[in-house]
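Everything quoted here is computed from the prediction, not taken from an experiment. Just so you know, ligand 1 is whichever comes first in the structure, and atom 1 is the first atom listed for that ligand. Because only heavy atoms are used, hydrogens play no part in the values below, and waters and symmetry mates are left out as well, while side chains stay in.
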Amino acid sequence: MKKGDCIFCKIAGGEIPSKTLYEDESFRVILDLGPATKGHALILPKEHAKDIYELPQETASEVFVLAKKMAVRMVEKLHCDGLNVVQNNGEAAGQTVPHFHIHLIPRYQNDGQIINWTPGKPSQEELEAVRVLISE
Ligand code: 5GP
Ligand code: ZN
């Protein structure tokens with residue numbers, strides 16, 4: 001996708017208005033239009049990168065620092081009981097907008113939302129095979 005066609009580029013650049021919580025030279029943090037919970041926010045880098053694989057190293061190192069700052073502020077202001085940090089890459093992982101973003105999802109006791117998976121039961125051999133595959 002070209003930058004000109006990307007909705008998150010337009011939002012991050014201010015071309016399309018958004019409920020902005022924070023902005024600096026490199027990032028804009030906005031409220032999600034389809035929030036999982038009250039305060040669900042998205043961190044958008046201003047420079048287009050489709051996903052974590054394309055994200056420049058410098059942006060990658062800055063974005064989690066910002067995620068931490070926003071998380072602390074959101075917990076203080078919203079008095080939520082917890083907070084999920086979620087980041088999807090690729091359709092198979094649930095990414096619907098192909099511009100890298102981090103979800104900050106405040107959680108409230110009994111909010112009814114589920115961010116979950118079914119735990120597998122791999123053998124030690126299967127775990128070892130995956131360890132070797134990734135680490136070597
Ligand atoms: P993904 O599924 O790609 O990880 O997340 C995309 C998120 O962007 C969804 O939670 C969706 O509600 C949100 N979203 C999609 N379009 C817009 C938009 O135009 N404005 C805002 N603020 N959020 C959007
Ligand atoms: Zn973009």
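In the hydrophobic clustering, where aliphatic and aromatic side chains (Ile, Leu, Val, Met, Phe, Trp, Tyr) are joined below 4.5 Å either directly or transitively, V72 stands alone.
Sorted by first and then second residue, the side chain to side chain donor-acceptor pair (under 3.5 Å) pairs with a member in residues 53-69 form an empty list; sequence neighbours excluded.
A donor-acceptor pair is defined here as one N or O able to donate and one able to accept, closer than 3.5 Å; no such pair exists between the side chain of H99 and the backbone of A12.
Shortest distance from the Zn ion (ligand 2) to H99 is reached at ND1 (N/O/S atoms only). Looking at H48, its N, O or S atom nearest to the Zn ion (ligand 2) turns out to be ND1.
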Check ligand 1 for close polar pairs with the protein: N or O on both sides, less than 3.5 Å.
| from | atom 1 | to | atom 2 | distance (Å) |
| --- | --- | --- | --- | --- |
| ligand 1 | 2 (O) | G94 | O | 2.8 |
| ligand 1 | 2 (O) | T96 | N | 3.3 |
| ligand 1 | 2 (O) | T96 | OG1 | 2.9 |
| ligand 1 | 3 (O) | T96 | N | 2.7 |
| ligand 1 | 3 (O) | T96 | OG1 | 3.1 |
| ligand 1 | 3 (O) | V97 | N | 3.0 |
| ligand 1 | 3 (O) | H101 | NE2 | 3.0 |
| ligand 1 | 4 (O) | N88 | ND2 | 2.9 |
| ligand 1 | 4 (O) | H101 | NE2 | 2.9 |
| ligand 1 | 4 (O) | H103 | NE2 | 2.8 |
| ligand 1 | 5 (O) | H101 | NE2 | 3.0 |
| ligand 1 | 5 (O) | H103 | NE2 | 3.2 |
| ligand 1 | 10 (O) | D32 | OD1 | 3.3 |
| ligand 1 | 10 (O) | D32 | OD2 | 2.5 |
| ligand 1 | 12 (O) | D32 | OD1 | 2.5 |
| ligand 1 | 22 (N) | L31 | O | 2.9 |
| ligand 1 | 22 (N) | L33 | N | 3.4 |
| ligand 1 | 23 (N) | L33 | N | 3.3 |

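Under the 3.5 Å distance criterion, with hydrogens and angles disregarded, no donor-acceptor pair is assigned to the side chains of Y108 and N110.
Of the charged side-chain nitrogens involved, none lies within less than 4.0 Å of a carboxylate oxygen, so that E76 and R73 do not count as a salt-bridged pair.
To the nearest 0.5 angstrom, D24 atom CG is 6.5 Å from L66 atom CG.
Remark: H103 pairs with H40, H101 by the ring pair (Phe, Tyr, Trp, His ring centres under 6.0 Å) rule, at least two apart or across chains.
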